[in-house]
Amino acid sequence: MAIERTFSIVKPDAVKKHGIGKVIARIEEGGLKVVAGRYLRLTTEQAKAFYAVHKERPFFNDLVAFMTSGPVFVSVLEGENAVRRYREVLGATDPAKADAGTVRKDFGTDVEKNAAHGSDAPETAAQEIAFFFRGTDLA
Ligand code: IDP
Ligand code: MG
């Protein structure tokens, strides 16, 4: 398997709890490298566009409100099977169902405020990376 890239967001709940470093530690301990990163606050338009795939879901408006409720840390991760590997590091969407030792189990609050985002496939990873980073940001 070739080296792959994926996209991460440390969400507002984890940033508020001073959890950026803790999530990055899990990423690095999981064998992934942070190759770009930025601290920012999403606009409502950006959050709606980023989560457009969920726009018909009942939780969409709440999710947009949550994702814009404070700053986030977006980053690009690199490593073997990075997409799948980072999803393993994160654990299940619902922290209550996530395995022990995962980011969402240890730092998430509920199915919405689940500490961090990770892309679900290489194609979405490429789209999500391009949403926040230019080619020249990536070493
Ligand atoms: P994922 O982040 O594990 O890929 P998705 O199903 O893509 O999960 O959902 C995107 C985000 O929407 C989740 O990370 C979570 O913040 C939120 N979310 C997902 N399902 C629910 C729900 O049932 N209620 C409230 N928020 C949800
Ligand atoms: Mg998803």
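We number each residue from 1, following the sequence as shown. Just so you know, ligand 1 is whichever comes first in the structure, and atom 1 is the first atom listed for that ligand. Not measured: the values here are computed from a predicted model.
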* Partners passing salt bridge (Lys or Arg N to Asp or Glu O under 4.0 Å) against Arg41 (at least two apart in sequence or in another chain) -> none

* Return the minimal non-hydrogen interatomic distance between Phe73 and Gly37, and the atom names on each side. => CZ-CA, 3.8 Å

* **Cluster check Val35, Ile24: I/L/V/M/F/W/Y, side chain < 4.5 angstrom** => no

When the side chains of residues 120-133 are checked against the rest of the protein, which donor-acceptor pairs come out under 3.5 Å, sequence neighbours left out?
| unit_1 | atom_1 | unit_2 | atom_2 | d |
| --- | --- | --- | --- | --- |
| Asp120 | OD1 | Thr124 | OG1 | 2.6 |
| Thr124 | OG1 | Ala121 | N | 3.1 |
| Thr124 | OG1 | Ala121 | O | 2.9 |
| Glu128 | OE1 | His117 | NE2 | 2.9 |
| Glu128 | OE1 | Ser119 | OG | 2.7 |

* **Neighbour list for ligand 1 [protein residues, heavy atom under 4.0 Å]** => Lys11, Tyr51, His54, Phe59, Leu63, Arg87, Thr93, Arg104, Val111, Glu112, Asn114

Name the atoms and distances for all side-chain donor-acceptor pairs under 3.5 Å in residues 52-69, with sequence neighbours left out.
| unit_1 | atom_1 | unit_2 | atom_2 | d |
| --- | --- | --- | --- | --- |
| His54 | ND1 | Arg57 | NH1 | 3.2 |
| Thr68 | OG1 | Val64 | O | 2.9 |
| Thr68 | OG1 | Ala65 | O | 3.1 |
| Ser69 | OG | Phe66 | O | 2.6 |

* To do: Kindly determine whether Lys105 and Asp99 satisfy side-chain contact (heavy atoms from CB on, under 4.5 Å), including the steps that lead there.
  => CA-CA 7 Å; Lys105 182 66 160 192; Asp99 288 342; over 6 Å; no

